[in-house]
Protein chains: 2
Amino acid sequence: MTTTALKARKEFGKTLASDIAHRLRNEIVTCQLKPNESLKFDALRLSFGASFTTLREALTLLVAEGLVVAEEQRGYKVAPVTLEDLHDLTHARILIEVDLMRRSIEKGDDDWEIRVISSLHRLVRIEERAPEDYASNTEWKAAHRQFHEALVSASGSPTLLAVRNSLFDRAERYRNLSAIFRPHPRDKAGEHRALMQAAIGRNADQACALIASHIQTTSNNVARYASGVISAG
Amino acid sequence: MTTTALKARKEFGKTLASDIAHRLRNEIVTCQLKPNESLKFDALRLSFGASFTTLREALTLLVAEGLVVAEEQRGYKVAPVTLEDLHDLTHARILIEVDLMRRSIEKGDDDWEIRVISSLHRLVRIEERAPEDYASNTEWKAAHRQFHEALVSASGSPTLLAVRNSLFDRAERYRNLSAIFRPHPRDKAGEHRALMQAAIGRNADQACALIASHIQTTSNNVARYASGVISAG
DNA sequence: ACTTTGCGTATTTTCGAAAATATGTCTCAT
DNA sequence: ATGAGACATATTTTCGAAAATACGCAAAGT
């Protein structure tokens, strides 16, 4: 073979388009594809080995999630990062996550408690295993995501959960961005444990206050450490 | 020409795909395309005159908005309507709309006040002109949408506004569904005026209570009158 | 009778070429 | 020098055919 063109093969989703969306989402969230980077079809075609229309479908999906922006007739690019966007995102996340948390605590059954406890356990184990900069560890990120997902998983609100997931991705991109510059990872272990205890203890007010403050603090840290790479809001 | 196939032409959007998404959205919201109806490509191709891939892109857009559901490898269909979904939707709308309302009232400037007042004025004029069942009037629906959009337009929250718009469409589909069975349209004129007055008067608590109750009441009415066509939650 | 297997049809999914649109460059008139 | 117009190139957008996959029905096996 003379070219490096890949033949596309599914790793995740059931259709190729959703599979590519998944991979693209990952590259954007981890900032392998940088904010504002223009997503030319020829280039994407080369790295993903799919045709124009399949790529287009994947990009459409990511536009809906706010990770890609489309300028009609002028192509797609990775969504910009700005302080304004970070603030907007943070506000939306707190509003929705607090609501989901409260209702999850109201409705959560035994299985929910188990999901919360076990996902926290896994997170702690990973932190013990790699105490240094676990925040840039892929395994930690997955566990972190799963813990937060478990907390709200009993809310019984598909609509808000879907929005929440997409906002979580957008926020994770900002966290990854700031991780490049942050001297040391903040110790979130205590916060996570307190969150779990408030949730399992059915102390809704406290859990909501904790999650709001958790999101806000993280956002503030991102704003501080990532200000170098973030365009002026 | 032997077939009735249409040649696609843009009426709205800049690209054909977004244009078709717009038209499809309208047909779904107005229930010309019925809940659960399967969206076969051949049929769509005939009525919209676009190719497979263009239609696919439009459908992808609507899936993200929750008006269409995709069963991978088994095509697309109009999203089902259920009582459960209506409740979920209503809850999400109240949460988000109340937040947007409060911040719009905080931040709204002169232009915002003008938008609110003039959009209400237009709505009232239409109601005067067609006092009978204005709720099934296209013009009224557009004005109604614009009034509610105006109220929250100063919130400065692109993320939540985008979610709000998509939820509004989903809710409008339920309203249209119940309008078929509702004996007489509820008189919303008073509620709308009170909403405007509370907003312009910068009475945030009252405006938030009014909008929450407005959404909840509408949803309750939909549930009552549409129970015949809504699948059991 | 009831499930399983295989095959033809219907439908979706993916592809690469062709059309449409934007961008950049060069020329020419002022 | 500067700006407008025209051509050439780069890029996106749309198309219909081809490949992949699901579905229905008939035949065979238990």
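Order of the sequence lines fixes the chain letters, A, B, ..., with proteins taken first and strands second; residue numbering starts at 1 for each chain.
- Comparing atom distances between the B/K40 side chain and each of D/dT12, C/dT12, C/dC15 picks out C/dT12 as nearest.
- Distance from the side chain of A/Q73 is smallest to D/dT13 among C/dC15, C/dT14, D/dT13.
- Checking A/S51 against B/S38, the closest nucleotide of DNA chain C that is more toward the 5' end is the one next to B/S38.
- With contacts defined as side-chain heavy-atom distances shorter than 4.5 Å, the pair B/N221/B/Y174 does not qualify.
- Residue contacts for A/Y76: at a heavy-atom cut-off of 4.0 Å it reaches the sugar-phosphate backbone alone, with no base atom in range.
- In this structure, the CG atom of A/L16 is 13 Å from the C1' atom of D/dA19, given to the nearest Å.
- The backbone N or O of B/A150 lies less than 3.5 Å from a partner atom in the side chain of B/S153, making a donor-acceptor pair.
- As a whole-Å value, the separation of B/E72 CD from D/dC23 P is 13 Å.
- Across C/dA17, C/dC15, D/dA22, the shortest atom-to-atom separation from the side chain of A/F52 is found for C/dA17.
- Checking C/dT12, C/dC15, D/dT12 against the side-chain heavy atoms of B/R56 singles out C/dT12 as nearest.
- Following rounding to the nearest Å, A/K77 (NZ) and D/dT12 (P) show an atom-to-atom distance of 14 Å.
- Among the heavy atoms of the strands, none lies under 4.0 Å from A/L55.
- Atom CG of B/L59 and atom P of C/dT11 are 16 Å apart (whole Å).
- In this structure, A/D109 does not pair ionically with A/R115, as no charged nitrogen and carboxylate oxygen lie closer than 4.0 Å.
- Under 4.0 Å is where a charged nitrogen must lie from a carboxylate oxygen, and between A/R164 and A/E97 at least one such pair does.
- Here D/dT9 presents its P atom at 16 Å from CG of A/D42, a figure rounded to the nearest Å.
- Within the 4.0 angstrom heavy-atom criterion, only backbone atoms of the sugar-phosphate kind lie near A/T54; the bases stay farther away.
- Comparing C/dT23, C/dT11, D/dT14 against the side chain of A/R74 picks out C/dT23 as the nearest.
- Spacing between atom CD1 of B/I20 and atom C1' of D/dT14 amounts to 10 Å, rounded to whole angstrom units.
- Among C/dG16, D/dT13, C/dT12, the nucleotide with an atom closest to any side-chain atom of A/F41 is D/dT13.
- With respect to the salt-bridge test (charged N to carboxylate O, under 4.0 angstrom), the residues B/E172 and B/K141 do not qualify.
- Note: CG (A/L39) to P (D/dA10) measures 20 Å, nearest angstrom.
- Note: CD (B/E57) to C1' (D/dT12) measures 11 Å, nearest angstrom.
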